[in-house]
There are 2 protein chains.
Amino acid sequence: MKESAIRTRILEVASRLFYKQGYNSTGINQIIEEASIARGSLYNHFPSKRDLLTAYIQNMEEFSFQEWNTLLEPIKDPKQKLLKLFDIAMLRQTRSEFGGCAFIKIASEIPCDDLVAFDLVYHQKKATKTYMENLITQINIENPQSVDKEIVANTIFLLMEGAMVTATIAKNNQALIDAKKIAESLL
Amino acid sequence: MKESAIRTRILEVASRLFYKQGYNSTGINQIIEEASIARGSLYNHFPSKRDLLTAYIQNMEEFSFQEWNTLLEPIKDPKQKLLKLFDIAMLRQTRSEFGGCAFIKIASEIPCDDLVAFDLVYHQKKATKTYMENLITQINIENPQSVDKEIVANTIFLLMEGAMVTATIAKNNQALIDAKKIAESLL
DNA sequence: GTCTATAGCTGGATAGAC
DNA sequence: GTCTATCCAGCTATAGAC
């Protein structure tokens, strides 16, 4: 479909600006200008700015897990897969100039009445934890009783979250390097 | 000084609104209305909204450490002091209806060019980690070689950060309960 | 479906009376 | 140093031509 090309461009530009400048600091005017489309076209595809936010979060979640799958696919050892998640987090932080986790950012600034966006963020975090749990289950299958699955999954998830926000505030990857080492010692 | 009474009221109202609604979502109009003061009075005490933000962050940091000192003072065992920090985090989350860490929120939404605010957030996080390190040093003095100071401090700090953001997104204290248990097992 | 023009409002900040 | 009146730029969203 030709019509979805413009939709894609709108969403790409909006995503970049929402992430870099923040949702509230990004106006419709800037989006239409940088996407080189007209005001009416935007509202034709997205009835409101909030719909654009919803699409942004859903799109980010899909992209995030796709990238994980792609980059983890060549690795065979589930323990190395799990540790690779920290490398990917560092990669993302470096290429975004320490912009931080998009979902945490959105959760921090969305209007308190936007429950839809909040639920999408919650969903992403839950799926992330499940993703980690599945990797740990594979570790357990290959090497039974090597780790206490539930506690390790909890610990590594919380370490990752903490390291992401810390790396963002410190503007360097040290916290992620530390978190990876700690995670390694648990497995 | 009588004059600082109105300044205090402005800062109180602004702080409440910045935390609850977000900095970008809170307008000057709402602040002056809820503080029942005139536009000019606000700009007399705070030359710009950004100065109000700076004062908010500094004030929050001071309050945060004061509360820690007060609530930890009755406890003698340094290990119990450290674990108490998780209880205080739960207390704060409950009383703010899971509003999250004020400093992480601000770091997520401030304009990218406001380096002053960003540095203040960085300063607070560094001070928080130092606070934890000092408690762990005391544990080591009472019970030498019980823990590897540097790694434990890193781990507990990252767990706390991760648990705070997770509790905020999940709107319950489970992550902080989990993090406390993990921290306890490390000490 | 894409465009321009504009409505209707609210943002931060300033000027000047008192 | 506290007030009111006001400026102007920005916002989201809509109307109607093409």
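Naming: A, B, ... by sequence-line order, numbering from 1 per chain.
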Rounded distance in Å - [atom1] ([X]) to [atom2] ([N]):
X: A:Gln30; N: D:dG10; atom1: CD; atom2: P; answer: 11 Å
X: A:Ile10; N: C:dG1; atom1: CD1; atom2: P; answer: 13 Å
X: A:Ile28; N: D:dT14; atom1: CD1; atom2: C1'; answer: 13 Å
X: B:Phe46; N: D:dG1; atom1: CZ; atom2: C1'; answer: 14 Å
X: A:Glu33; N: D:dG10; atom1: CD; atom2: P; answer: 11 Å

Only one of A:Thr94, A:Asp178, A:Asp87 forms a side-chain hydrogen bond (donor to acceptor under 3.5 Å, both in side chains) with A:Asn173, so which one is it?
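Filter result, single survivor: A:Thr94.
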
Kindly confirm or rule out a cation-pi arrangement of A:Lys49 over A:Tyr23, judged by NZ or CZ under 6.0 Å from the six-membered ring centre and within 45° of its axis?
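Yes - A:Lys49 lies over the ring of A:Tyr23, closer than 6.0 Å to its centre and within 45° of its axis.
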
What is the distance from atom CD of B:Glu161 to atom CD1 of A:Ile104, rounded to the nearest 0.5 Å?
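Separation between the atoms: 10.0 Å.
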
So, taking the atom named CG in A:Leu42 and the one named CD1 in A:Ile32, what distance separates them when rounded to the nearest 0.5 Å?
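A:Leu42 atom CG to A:Ile32 atom CD1 measures 7.5 Å (nearest 0.5 Å).
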
By a strict heavy-atom criterion of less than 4.0 Å, which residues belonging to [range] are in contact with DNA chain D?
range: residues 48-60 of chain A; answer: A:Ser48, A:Lys49
range: residues 18-25 of chain B; answer: none
range: residues 36-44 of chain A; answer: A:Arg39, A:Tyr43

State whether A:Asn29 places a side-chain N or O below 4.0 Å from either non-bridging phosphate oxygen (OP1 or OP2) of D:dC11.
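Indeed, a polar side-chain atom of A:Asn29 lies that close.
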
Could you see if A:Leu158 belongs to whatever hydrophobic cluster contains B:Phe98? Use Ile, Leu, Val, Met, Phe, Trp, Tyr and a side-chain cutoff under 4.5 Å.
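Unlinked, A:Leu158 and B:Phe98 end up in two clusters.
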
Show the nearest heavy-atom pair for residues A:Gln93 and A:Met164, with the distance to one decimal.
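In terms of heavy atoms, the two residues are closest at NE2-O, 3.5 Å.
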
Closest approach of A:Ala107 and A:Phe118, non-hydrogen atoms and distance?
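Smallest interatomic distance, heavy atoms only, reads O-CE1, 4.4 Å.
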
Cut-off 3.5 Å, side chains only: do [X] and [Y] have a donor facing an acceptor?
X: B:Thr8; Y: B:Glu12; value: no
X: A:Gln21; Y: A:Thr26; value: yes
X: A:Arg92; Y: A:Ser64; value: yes

Would you please classify the geometry between the A:Tyr131 ring and the A:Phe65 ring as parallel, tilted or perpendicular, with 30° and 60° separating the classes?
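Aromatic pair A:Phe65/A:Tyr131 classed parallel.
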
